[in-house]
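I'd like to ask you about the structure that follows.
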Amino acid sequence: MQTRRFGALAGLAAAAVALGVAEAVAILTGATTSPLVSVGGVVIDSVPAGVKDFAVSVFYTYDKLALTIGTIVVLAVFAAVIGILATRRRIIGYLGIAVFGVVGIAAALSRHNAPWYAFVPTLAGVLAGAAVLRWLLSHEAGYNATPEERRWFLRAAGYTLAAAAVAGFASRWWSTRRGVEADRAAIDLPSLPPDTVAPLPPSADAGLPDLAPFVTPNKDFYLIDTALVVPQLASEDWTLRIHGRVEKEITISYRELLKRPMIERYITLACVSNEVGGGLIGNAKWQGVRVADLLDEARPKQGADQVVSRSIDGFTAGTPTAVLRDGRDAMLAIAMNGEPLPIAHGFPVRMVVPGLYGYVSATKWLVELELTSFADFDAYWIKRGWSAQGPIKTESRIDTPRDGANLHAGEVMIAGVAWAQHRGISKVEVRVDDGPWQAATLLPVPSIDTWRQWTLKWRATPGRHRLTVRATDNGGQTQTDAVAPPDPDGATGWHSIDVAVS
Ligand SMILES: Nc1nc2c(c(=O)[nH]1)N[C@H]1C(S)=C(S)[C@@H](COP(=O)(O)O)O[C@H]1N2
Ligand SMILES: [Mo]
């Protein structure tokens with residue numbers, strides 16, 4: 001028992017030193033990311049399909065802090081086990097550390113544009129970790145140890161752990177400080193000719209409390225991605241490579257992208273993981289270059305029916321080539337609501353495609369477009385069991401009153417949003433309890449690519465009531481009441497809320 005505890009402590013100290021040294025060396029060699037982040041990324045990406053549902057619920061929508069802590073906990077358990085095994089056979093300890101090293105080096109080298117020396121930080125960390133393990137385990141601290149020996153061991157391991165943790169956090173703090181926020185703030189967005197901007201009808205927003213505003217402010221826009229830390233990609237380092245099954249490969253810099261003809265459009269982005277009534281949806285004004293223009297230049301070859309957009313952090317989304325070229329305003333966006341793309345939303349460049357869920361279209365920190373076929377390549381979430389095709393399903397949501405609200409009898413304004421991107425919303429109806437469907441008032445929209453606010457005045461009578469909403473798209477298709485979960489291609493069902501009127 002004692003020996004085990006000391007072994008675990010030695011393992012933890014060795015791992016902490018390995019990570020701290022790797023982190024520090026990564027910064028010295030000018031790497032844009034750290035081994036912990038690369039390994040964390042690999043951990044996230046390689047969660048087996050067998051635990052897919054668990055992985056999705058934990059890794060998909062969870063916040064970054066939980067992810068970081070989770071990764072550290074996993075690494076710590078692994079390190080402790082290695083330390084314990086190493087007290088029996090030293091070689092197992094070294095082998096365990098070697099596994100760390102292989103994973104770390106593979107992760108670092110697998111990153112987009114990884115320099116040839118990307119293995120150096122991990123190698124340095126692993127060697128330091130092995131040395132610490134050897135040093136600590138060469139001192140007797142188990143059954144036969146004297147109290148002095150034990151005290152020495154605890155102190156040595158404790159100080160090592162603490163020093164490594166401080167070094168690790170200091171490096172992390174330093175590297176975030178060197179982030180690209182200053183670069184982003186210095187960007188001069190090209191101004192657009194007035195006819196390229198979709199005007200916003202002044203009455204698109206009813207301006208009711210609790211009703212989602214027509215344009216979602218950047219700070220309130222939902223965030224979904226698999227990146228353990230937000231990639232810091234400077235605009236001057238950015239290039240986009242369009243390659244694969246094309247007649248002409250294209251590489252374009254940020255400066256060149258900014259010189260191209262641009263459009264500005266309101267487009268509502270939605271996440272496939274959004275539950276009925278959920279908030280993983282937002283509407284923004286995006287400015288960017290049409291994807292179709294770039295594809296026309298690259299000239300996709302016969303059979304290249306999928307465009308795989310790849311992020312600097314390895315995320316991929318697969319979009320039908322036909323959708324990108326069917327005339328809709330699919331774009332490589334550089335600005336969101338009039339400012340350079342926020343870093344968390346994909347700075348410097350992301351893709352935005354009206355009508356498709358984000359996981360098949362909206363790649364942030366975009367660096368590559370690869371023309372291929374759906375038969376030849378499965379993108380990130382497709383490998384994990386989600387549908388390869390992800391058109392957004394017609395949905396609607398009641399924002400006000402709130403679910404569970406206590407209301408006074410009399411006139412109540414019911415309002416919410418409805419969406420069927422790139423088809424458009426033609427009708428929204430609300431039902432009180434089992435009463436008849438009543439048509440809501442639809443507010444104007446700039447295009448069929450955004451959500452649409454709706455309102456309905458209700459004469460509320462005392463008692464408990466259930467309010468239900470459903471929408472119909474411009475093709476006359478009414479939103480289905482069949483309840484389906486988000487997995488594999490988007491939730492369906494009608495949104496209902498319960499209110500008490502007195
Ligand atoms: N690089 C990268 N881009 C990504 C993702 C990701 O995990 N990594 N997630 C996608 C998903 S699932 C969605 S719904 C949208 C969300 O975009 P937002 O975070 O700007 O709202 O980004 C897409 N782009
Ligand atoms: Mo998503």
Side-chain angles (χ1 to χ4, degrees), residues 33 37 40-41 44-45 47 55-64 67 111-113 212 215-233 238 240 267-275 278-286 288 307-319 330-337 339-369 379-393 395 419 421 451 485-491:
T33 186
V37 172
I44 293 167
D45 294 350
V47 169
V56 164
S57 61
V58 174
F59 293 133
Y60 198 12
T61 48
Y62 242 58
D63 63 272
K64 299 294 179 267
L67 273 174
R111 299 186 58 78
H112 178 86
N113 283 348
V215 178
T216 313
N218 289 356
K219 66 171 175 31
D220 300 332
F221 209 97
Y222 79 96
L223 276 172
I224 288 284
D225 54 68
T226 60
L228 194 51
V229 297
V230 176
Q232 305 281 322
L233 178 52
W238 183 86
L240 175 75
I267 296 167
T268 300
L269 213 65
C271 182
V272 68
S273 289
N274 197 28
E275 305 273 357
L280 298 179
I281 178 166
N283 183 45
K285 182 174 72 178
W286 307 93
V307 176
V308 173
S309 47
R310 189 169 278 116
S311 153
I312 184 86
D313 70 339
F315 172 86
T316 50
T319 311
M331 67 169 101
L332 302 187
I334 57 151
M336 180 177 185
N337 291 329
E339 15 171 312
L341 221 49
I343 297 170
H345 289 290
F347 180 83
V349 180
R350 79 173 305 169
M351 198 150 93
V352 173
V353 181
L356 302 187
Y357 288 120
Y359 81 110
V360 290
S361 67
T363 302
K364 306 191 273 190
W365 316 291
L366 176 77
V367 290
E368 253 182 68
L369 294 179
Y380 190 95
W381 285 109
I382 317 315
K383 286 194 186 86
R384 289 157 179 81
W386 294 71
S387 169
Q389 303 295 327
I392 296 174
K393 295 176 178 177
E395 268 297 327
W419 59 91
Q421 289 91 316
W451 61 11
D487 188 349
D489 61 1

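All ligand and atom numbering here is 1-based and tracks the order in the structure. Sequential numbering from 1 along the given sequence is applied to the chain's residues. Hydrogens, waters and symmetry mates play no part in the numbers below; they use all other heavy atoms, side chains included.
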Item checked: Which of the ligand 1 atoms, numbered from 1, are nearer than 4.0 Å to a heavy atom of Cys271 ->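 Per the distance check, 14 (S).
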Notebook entry, point to check: Would you say Lys364 has any N or O atom under 3.5 Å from an N or O of ligand 1, going by distance alone?
Noted result: yes
Next item on the list: Can you label the angle between the Phe315 ring and the Tyr380 ring as parallel, tilted or perpendicular, going by 30° and 60°?
Entry: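 Phe315 vs Tyr380 ring planes: tilted.
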Next item on the list: Say whether Ser311, considering both its backbone and side-chain N or O atoms, lies within less than 3.5 Å of an N or O atom on ligand 1.
Entry: yes
Next item on the list: For the pair Tyr359 (side chain) and Ser387 (backbone), establish whether a donor and an acceptor sit closer than 3.5 Å, ignoring hydrogens and angles.
Entry: yes
Notebook entry, point to check: Should you measure from each heavy atom of Tyr359, which atoms of ligand 1 turn up under 4.0 Å away?
Noted result: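 Those atoms are 11 (C), 12 (S).
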Next item on the list: Pick one of side chain, backbone, both or neither for how Phe315 approaches ligand 1, counting any non-hydrogen atom pair under 4.0 Å.
Entry: side chain
Note to self: Closer than 4.0 Å to some heavy atom of Asp313 - which atoms of ligand 1 meet that?
What the structure shows: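 Here the atoms of ligand 1 in question are 1 (N).
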Item checked: Trp238 (side chain) donor-acceptor with Leu366 (main chain) under 3.5 angstrom ->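 Here the side-chain-to-backbone pair exists.
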Margin query: Would Leu223 count as being in polar contact with ligand 1, using the rule that some N or O on each side must be under 3.5 angstrom apart?
Written below: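 The answer is no, given that Leu223 and ligand 1 share no N or O pair closer than 3.5 Å.
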Next item on the list: Going by heavy-atom distance to atom 20 (O) of ligand 1, choose the closest among Met336, Arg310, Met351, His345.
Entry: His345
Next item on the list: Find all atoms of ligand 1 within a distance of less than 4.0 Å from any non-hydrogen atom belonging to Thr363, and give their numbers and elements.
Entry: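 Those qualifying, in numeric order: 3 (N), 24 (N).
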Next item on the list: Inspect the contact between Lys364 and Asp313 and indicate whether a charged nitrogen and a carboxylate oxygen are less than 4.0 angstrom apart.
Entry: no
Margin query: If we set the cut-off at 4.0 Å for heavy atoms, which region of Trp365 has an atom near ligand 1: side chain, backbone, both, or neither?
Written below: side chain
Margin query: Tell me if a side-chain donor or acceptor on Trp286 pairs with a main-chain N or O of Ile267 at a distance below 3.5 Å.
Written below: yes
Next item on the list: Measure from the side-chain N and O atoms of Gln421 to the backbone N and O of Thr268, and report whether any donor-acceptor pair falls under 3.5 Å.
Entry: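 Looks like yes, one N/O pair under 3.5 Å.
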Check: Looking only at heavy atoms, is any part of Phe221 under 4.0 Å from ligand 1, and if so is it the side chain, the backbone, or both, or is it neither?
Finding: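 Under 4.0 Å from ligand 1, Phe221 contributes side-chain atoms alone.
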Check: Can Arg350 be said to touch ligand 1, with heavy atoms closer than 4.0 Å?
Finding: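 Within the 4.0 Å threshold, so yes.
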Next item on the list: Can you label the angle between the Trp451 ring and the Trp419 ring as parallel, tilted or perpendicular, going by 30° and 60°?
Entry: tilted
Margin query: Using modelled atom types and a 3.5 Å cut-off, is there a donor and acceptor pairing between side-chain atoms of Asn337 and backbone atoms of Val215?
Written below: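 No, because the side chain of Asn337 does not come within donor-acceptor range (under 3.5 Å) of the backbone of Val215.
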Item checked: Main-chain N/O of Val360 paired to Thr319 side chain as donor or acceptor, under 3.5 Å -> yes
Next item on the list: Could you tell me whether Thr226 and ligand 1 have an N or O pair separated by under 3.5 Å?
Entry: yes
